[in-house]
Amino acid sequence: MIGRGAGVAAAKPPAATEICRALYRLAKPRIVAAIALSGATALTVAAQRPPHFSKLLPCLLALLCTGAASAMINCVVEADRDLKMGRLAQRNEALAVAGPRLILGVAAALLTAGVAIAAGFLGPAPTLLLCGGVFGYTVCYTLFLKPQTPWAAVLGGLPGAFPVLVGGSASGNPPGLGVLILFLILMLWQPPHFWLLALSHRNDYHAALLPVLPIARSIDATRRAILTWVALLTGATLLLPATGYASACYGTMALVAGASFWGCCYWSLLGKGPLRFAFRCSVMYLLILFAAIIVDICFIPR
Ligand code: HEM
Ligand SMILES: CC(C)=CCC/C(C)=C/CC/C(C)=C/COP(=O)(O)OP(=O)(O)O
């Protein structure tokens with residue numbers, strides 16, 4: 001008797017490098033790196049000087065570990081929905097290569113490491129805030145908000161902005177006004193950041209039955225919301241110099257960056273440019289803002 005499938009080579013298990021590459025993709029590395037940077041920026045705003053590495057390093061590590069773990073859990077929970085989204089094809093392949101059990105095992109290890117680092121080096125408040133952000137994203141946002149309401153990008157902004165509170169409290173004091181202003185900036189930045197993507201990929205979200213704003217309301221309503229929120233965001237970035245947490249030099253840069261981002265959104269929303277470009281501008285805008293705050297506080301004498 002010929003062995004089952006003797007003529008067909010048994011499916012070769014993925015190589016270790018393939019699995020590592022898949023896990024890296026599922027960790028949403030660039031998003032998580034930006035989230036860790038938001039925590040480091042908050043630590044700098046709270047300290048009003050270059051943060052000491054004994055706080056900066058554990059803050060970055062804790063946010064990178066728990067952010068990656070949160071992203072991996074999100075990918076496993078949303079696996080069925082993500083299969084309907086063309087934008088996520090490579091992520092779906094990565095999920096098939098690594099398998100949900102291994103992904104959740106690695107996420108559990110990263111989560112444990114991140115919380116242990118925060119508890120050991122940052123203290124109880126940052127650790128609690130870290131756990132709150134993970135819970136807010138993996139449970140509240142992923143399981144409930146995202147599939148049920150077009151305002152998920154606003155309410156889901158809370159866990160997305162929690163890393164700012166983690167970083168701000170890592171300095172040892174309760175988050176002060178400067179950290180709360182940075183929290184407000186993140187809360188105002190995230191919705192237009194996502195709505196630009198939702199406009200650009202609305203067919204994907206329709207196929208996945210996700211009630212994003214362009215589908216639950218209208219494209220025009222989303223366009224107006226984006227331009228309104230970016231204008232409010234630009235105003236919020238000026239609160240830092242207005243309250244003495246950054247210099248007028250940063251304020252000028254923030255005004256120019258905000259006006260440029262608004263112009264980029266307006267240009268793309270008029271149909272003169274690709275929406276994906278405006279989405280990329282939202283990411284560049286945030287990274288420039290963080291860099292300007294850090295340079296202003298650490299290197300520009302006041
Ligand atoms: C409500 C909260 C948020 C939502 C719904 C959201 C949504 C998304 C989505 C869907 C993508 C993937 C776009 C793609 O397929 O390439 C993305 C990309 C990105 N997000 Fe967000 N995001 C949120 C919060 C944040 C936060 C808090 C940060 C950082 C502080 C951030 C930074 C980024 C970056 C850097 C990218 C680009 C990743 C890449 O190029 O691969 N996002 N965002
Ligand atoms: C303190 C701490 C670590 C908090 C967690 C912060 C965190 C990981 C926020 C993620 C925000 C985000 C990328 C949402 C997009 O998810 P999505 O499901 O809408 O994106 P997708 O469509 O690409 O899956």
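Both ligands and their constituent atoms are indexed starting at 1 by order of listing. Start at 1 with the first residue, then count along the sequence.
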Could you list which atoms of ligand 1 come closer than 4.0 Å to a heavy atom of [X]?
| X | result |
| --- | --- |
| Tyr141 | 5 (C) |
| Phe194 | 5 (C), 7 (C) |
| Val283 | 34 (C), 35 (C), 36 (C) |
| Leu286 | 29 (C), 30 (C) |
| Ala153 | 1 (C) |
| Ala34 | 29 (C), 30 (C), 35 (C) |

Heavy-atom contacts under 4.0 Å between [X] and ligand 2: side chain, backbone, both, or neither?
| X | result |
| --- | --- |
| Glu78 | side chain |
| Asn74 | side chain |
| Cys75 | neither |
| Thr142 | neither |

Please determine, by modelled atom types, if Arg87 and Tyr205 share a side-chain donor-acceptor pair under 3.5 angstrom. yes
Location of contacts on Leu287 toward ligand 1, heavy atoms closer than 4.0 Å: neither
For ligand 1, the portion of His193 having any non-hydrogen atom under 4.0 Å away: side chain
I'd like to know if the side chain of [X] reaches the main chain of [Y], judged simply by a donor and an acceptor atom lying under 3.5 Å from each other, with no hydrogens or angles considered.
| X | Y | result |
| --- | --- | --- |
| Trp195 | Leu213 | no |
| Ser169 | Val166 | yes |
| Arg25 | Ala94 | no |
| Thr149 | Leu145 | no |
| Thr252 | Ala248 | yes |
| Asp296 | Ser247 | yes |
| Ser171 | Gly167 | no |
| Ser200 | Leu196 | no |

Can you name the atoms of ligand 2, numbered from 1 with element, that are less than 4.0 Å from a heavy atom of [X]?
| X | value |
| --- | --- |
| Gly133 | 1 (C), 4 (C), 5 (C) |
| Ile35 | 6 (C), 7 (C), 8 (C), 9 (C), 10 (C) |
| Thr66 | 3 (C) |
| Tyr141 | 16 (O), 17 (P), 18 (O), 19 (O) |
| Gly67 | 3 (C) |
| Ile31 | 13 (C) |
| Arg91 | 21 (P), 23 (O), 24 (O) |

Side-chain contact, heavy-atom cut-off 4.5 Å: [X] with [Y]?
| X | Y | result |
| --- | --- | --- |
| Leu239 | Tyr245 | no |
| Phe279 | Ser282 | yes |
| Tyr250 | Thr237 | yes |

Considering non-hydrogen atoms of the protein only, which is the closest contact for [atom], and what is the distance?
| atom | result |
| --- | --- |
| atom 18 (C) of ligand 1 | Phe279 CZ, 3.4 Å |
| atom 2 (C) of ligand 1 | Gln190 OE1, 3.1 Å |
| atom 36 (C) of ligand 1 | Ile31 CG1, 3.5 Å |
| atom 9 (C) of ligand 1 | Leu197 CD2, 3.8 Å |
| atom 20 (O) of ligand 2 | Lys28 NZ, 3.5 Å |
| atom 14 (C) of ligand 1 | Arg276 NH2, 3.2 Å |
| atom 39 (C) of ligand 1 | Arg30 NE, 3.5 Å |

Nearest heavy-atom pair of [X] and [Y]: which atoms, and what distance?
| X | Y | answer |
| --- | --- | --- |
| Gln48 | Ile297 | C-CG2, 3.4 Å |
| Thr142 | Pro147 | O-CD, 3.5 Å |
| Ile103 | Ala98 | CG1-CB, 3.7 Å |
| Leu287 | Ala34 | CD2-CB, 4.3 Å |

Between Arg91 and Asp82, does any side-chain N to carboxylate O distance fall below 4.0 Å? yes
Whether Lys146 and Glu78 form a salt bridge (side-chain N of Lys/Arg under 4.0 Å from carboxylate O of Asp/Glu) is what I want to check. yes
For [atom], tell me which residue out of [options] has the closest non-hydrogen atom.
| atom | options | result |
| --- | --- | --- |
| atom 17 (P) of ligand 2 | Lys146, Met72, Arg81 | Lys146 |
| atom 11 (C) of ligand 2 | Tyr137, Phe162, Phe194 | Tyr137 |
| atom 15 (O) of ligand 1 | Met85, Arg87, Lys146 | Arg87 |

Is Pro159 in contact with ligand 2, taking contact as a heavy-atom separation below 4.0 Å? yes
State yes or no: are the ring centers of Trp229 and Trp189 separated by less than 6.0 Å? no
Do ligand 1 and Trp189 have nitrogen or oxygen atoms that lie under 3.5 Å from each other? no
Any N/O of Ser70 closer than 3.5 Å to an N/O of ligand 2? no
Sub-3.5 Å N/O-N/O distance, Arg87 and ligand 2: yes
Ligand 1 contacted by Arg280 (non-hydrogen, < 4.0 Å): yes
